[in-house]
Amino acid sequence: KAHDGEILKFIGDAMLIVFRLEDKRPNDVANAMVTMTRNATRDIAKTAERRALSLAAGFGCHIGKVFYGNIGTPERLDFTVMGSAVNLASRLESLTKTLGKGALFSETLASHAQGLSPVGEHHLKGFDAPVSVYTLEEP
């Protein structure tokens, strides 16, 4: 639960981390997400260097409304989140590979956070209009 994020599930070599807004301000949640991704990308780079490995991770981050709950059959229920907000975060994560960035953020999240810089508009699968994308500012 670093920075109030919670790993909801592991999906192959990926994980879905959720940050709940509920009684928090969007600015607090957005900045917690930025801090978590900054720390994680730094720690991954240090581990890769220390162990002489080619190691990388990508984070796609967005703030938005989701549907959540148990989905499935009585024999196999899965608690999950769904919706366009989840899809946008997933598409941003996929774009990290193309742009060579450890973390990418939506314009919605960037409008509530500090320490991000724009990397342009990008066409993402499942979204009609180009999406403004942001990344971590260099320290």
Side-chain angles (χ1 to χ4, degrees):
K1 284 196 113 171
H3 305 283
D4 288 330
E6 181 178 342
I7 298 172
L8 182 62
K9 66 176 58 189
F10 291 93
I11 309 159
D13 64 352
M15 65 178 99
L16 176 61
I17 302 171
V18 295
F19 289 76
R20 294 188 176 142
L21 275 172
E22 292 170 349
D23 59 348
K24 298 177 188 91
R25 296 179 340 185
N27 292 15
D28 294 336
V29 173
N31 284 306
M33 292 171 79
V34 169
T35 299
M36 187 274 306
T37 56
R38 184 179 303 285
N39 293 346
T41 54
R42 181 197 64 226
D43 292 348
I44 290 164
K46 284 181 182 178
T47 299
E49 183 179 333
R50 189 174 60 247
R51 297 187 181 239
L53 296 171
S54 176
L55 183 63
F59 293 88
C61 304
H62 176 59
I63 290 179
K65 293 185 181 198
V66 298
F67 298 100
Y68 63 92
N70 289 316
I71 297 180
T73 65
E75 294 81 27
R76 182 167 164 85
L77 283 178
D78 183 34
F79 184 82
T80 194
V81 292
M82 296 186 312
S84 64
V86 178
N87 292 340
L88 179 52
S90 176
R91 300 298 184 231
L92 290 170
E93 183 278 327
S94 294
L95 186 61
T96 63
K97 299 167 191 74
T98 303
L99 298 183
K101 302 289 185 184
L104 294 175
F105 303 83
S106 70
E107 184 171 35
T108 302
L109 189 143
S111 72
H112 293 288
Q114 298 176 348
L116 301 177
S117 58
V119 290
E121 291 189 339
H122 297 271
H123 292 278
L124 302 177
K125 181 180 175 187
F127 293 87
D128 295 332
V131 174
S132 295
V133 179
Y134 295 76
T135 193
L136 296 168
E137 288 179 352
E138 297 296 323

Exam field: side chain T135 to backbone L104, donor-acceptor pair closer than 3.5 Å: no

R50 atom CZ: more than 12 heavy-atom contacts under 6.0 Å: yes

V119-V34 co-clustered via ILVMFWY side chain contacts under 4.5 Å: no

Same apolar cluster (I L V M F W Y, side chains within < 4.5 Å links), V18/V66: yes

Shortest non-hydrogen separation from S117 to L136 and the atoms involved: OG-O, 4.3 Å

Gap separating the OG atom of S84 from the CZ atom of R91, nearest 0.5 angstrom: 11.5 Å

Smallest separation among heavy atoms of H62 and M33, with atom names: O-CE, 3.8 Å

Test side-chain contact (heavy atoms from CB on, under 4.5 Å) applied to T98 and H122, step by step: CA-CA 11 Å; T98 303; H122 297 271; over 6 Å; no

Distance (rounded to the nearest 0.5 Å) between L8 CG and L16 CG: 5.0 Å

K125 atom NZ: more than 12 heavy-atom contacts under 6.0 Å: no

Heavy-atom donor-acceptor pair, R38 side chain to G115 backbone, under 3.5 Å: yes

Single-linkage hydrophobic cluster, 4.5 Å side-chain cutoff, M15 and F59 together: yes

side-chain contact (heavy atoms from CB on, under 4.5 Å) between E6 and R20, intermediate numbers included: CA-CA 9 Å; E6 181 178 342; R20 294 188 176 142; 4.0 Å; yes

Straight-line distance of L55 CG to I44 CD1, nearest 0.5 Å: 6.5 Å

Crowding at CG, D78 (>12 non-hydrogen neighbours, <6.0 Å): yes

Any residue meeting side-chain contact (heavy atoms from CB on, under 4.5 Å) with N31, in chain and number order, not counting sequence neighbours: N27, A113, Q114

Common cluster, Y134/F19, ILVMFWY with side-chain heavy-atom separation under 4.5 Å: yes

T80 vs V86, side-chain contact (heavy atoms from CB on, under 4.5 Å): CA-CA, chis, key distance, verdict: CA-CA 10 Å; T80 194; V86 178; over 6 Å; no

CG-CG distance between L88 and L95, expressed to the nearest 0.5 angstrom: 10.5 Å

Contact summary for G60 and L92, nearest pair of heavy atoms: CA-CB, 3.8 Å

CZ (F127) with more than 12 external heavy atoms under 6.0 Å: yes

Joint cluster assignment, V131 & I63, ILVMFWY side-chain distance < 4.5 Å: no

Rounded distance [0.5 Å steps], CD1 in I17 versus NZ in K9: 13.5 Å

side-chain contact (heavy atoms from CB on, under 4.5 Å) between T37 and F105, worked out: CA-CA 10 Å; T37 56; F105 303 83; 3.2 Å; yes

